[in-house]
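Let me begin by presenting the structure, written as structure tokens, before commenting on it.
Order of the sequence lines fixes the chain letters, A, B, ..., with proteins taken first and strands second; residue numbering starts at 1 for each chain.
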Protein chains: 2
Amino acid sequence: MKQAIYNIGVENTMKIIGGKWKPIILCHLKHGAMRTGELRRAIPNITQKMLTQQLRELEDDDIVNRKVYNQIPPKVEYSLTAYGQSLNKILEELCVWGENDIDRRKANGENIILLNREDVPNDSLPYAD
Amino acid sequence: MKQAIYNIGVENTMKIIGGKWKPIILCHLKHGAMRTGELRRAIPNITQKMLTQQLRELEDDDIVNRKVYNQIPPKVEYSLTAYGQSLNKILEELCVWGENDIDRRKANGENIILLNREDVPNDSLPYAD
DNA sequence: CCCCATAGGTACTTTTTAGTATCTACCCCA
DNA sequence: TGGGGTAGATACTAAAAAGTACCTATGGGG
């Protein structure tokens, strides 16, 4: 059995939900189950390979559930497991923080664009300056 | 001027606080200012190069403040900026989630060790099964 | 004079991660 | 017969991230 040693909790968290694609996938799945093709369309630039690879890893970590419908053409739905949903709040906050940060930079003159602003919980920013 | 395009907020967040070392550095700094050497000791395995490199990037993004004391031998203190502190809650949650996840896996028979459990807010786990 | 401690820069190499291209399977439909 | 539509596997290549080794500066102390 391989032994894993971490110095701080966040190290483990990032191993599970870190990387280029996992946070994005999870932020989409937190709204409900999605088919493979839906995820592909929702996440421009992701390749089929990276999508399935990351989903498999999330499955292995009991974050994502894979449901296969036995039909032709194939239909597969991905969703957060009950355990994966314990990440919902964090995922939401990561999204919102990033959105507000983009606003802040834009106000600061940076040329930065956010295409899909899905989380707009309220009008009070966590940080205003 | 270079244009940045994001599809979803979390993409931006991860660009700023993602990677192998940044979340760890930030989780340490959220307790207060630390000297370079303190950070190095607090984060085993990080190299001087990675530490300063990541700190410079966090500085560029207005997350971390660098204070140089003009003395010999040199003394430099790093701390979260006021803006960087808007990440405090998220950082805390990332730490705690990782800690609880390690407990969960350990209970599940995995050989996994957490050396520094710094965030123990209460006895109610976000997810118990 | 040389080494200590401190903080940091830089060229180069290795490792990890991600991307590309091509392959499978299945049934339907024209 | 040969597409389309779905989901996915795999070998190979490219790019990004991290690690290694060695260099700088400064003043004090032995």
Query raised in the report: Which value, rounded to the nearest 0.5 Å, describes the distance between A:Ile24 atom CD1 and B:Glu11 atom CD?
Result: 4.0 Å
Query raised in the report: Are A:Arg117 and A:Asp103 close enough for a salt bridge, meaning some N to O gap below 4.0 Å?
Result: yes
Query raised in the report: Would A:Asp60 and A:Arg56 pass as an ion pair if we require N to O under 4.0 Å?
Result: no
Query raised in the report: If you take all heavy atoms of A:Gln85 and A:Leu80, which pair is closest and at what distance?
Result: NE2-O, 3.6 Å
Query - Separation of C:dT6 P from B:Arg40 CZ (nearest whole Å) - result: 9 Å
**Report entry** Atom-pair distance (CD on B:Gln71; C1' on C:dA5), nearest Å
**Finding:** 12 Å
Query raised in the report: Taking only residues two or more places apart in sequence, or in another chain, which ones meet A:Gln54 in a side chain to side chain contact (heavy atoms under 4.5 Å, CB included)?
Result: A:Trp21, A:Lys22, A:Ile25, A:Met50, A:Glu57
Query raised in the report: Given axes from five pairs at either end, by how many degrees does the helix from C:dC1-D:dG30 to C:dA30-D:dT1 bend, rounded to 10°?
Result: 40°
Query raised in the report: If we only count heavy atoms from C-beta on, is the A:Asp101 to B:Thr13 side-chain gap below 4.5 Å?
Result: no
Query raised in the report: Could you state the interatomic distance from CG (B:Leu94) to CD (A:Glu93), rounded to the nearest 0.5 Å?
Result: 9.0 Å
**Report entry** From A:Tyr78 atom OH to A:Leu39 atom CG, the distance as rounded to the nearest 0.5 Å
**Finding:** 8.5 Å
Query raised in the report: Which parts of nucleotides 3-19 of chain D does protein reach within less than 4.0 Å, heavy atoms only, written one letter per nucleotide 5' to 3' as B for base, S for sugar-phosphate only and - for none?
Result: --BBSBSBB------BB
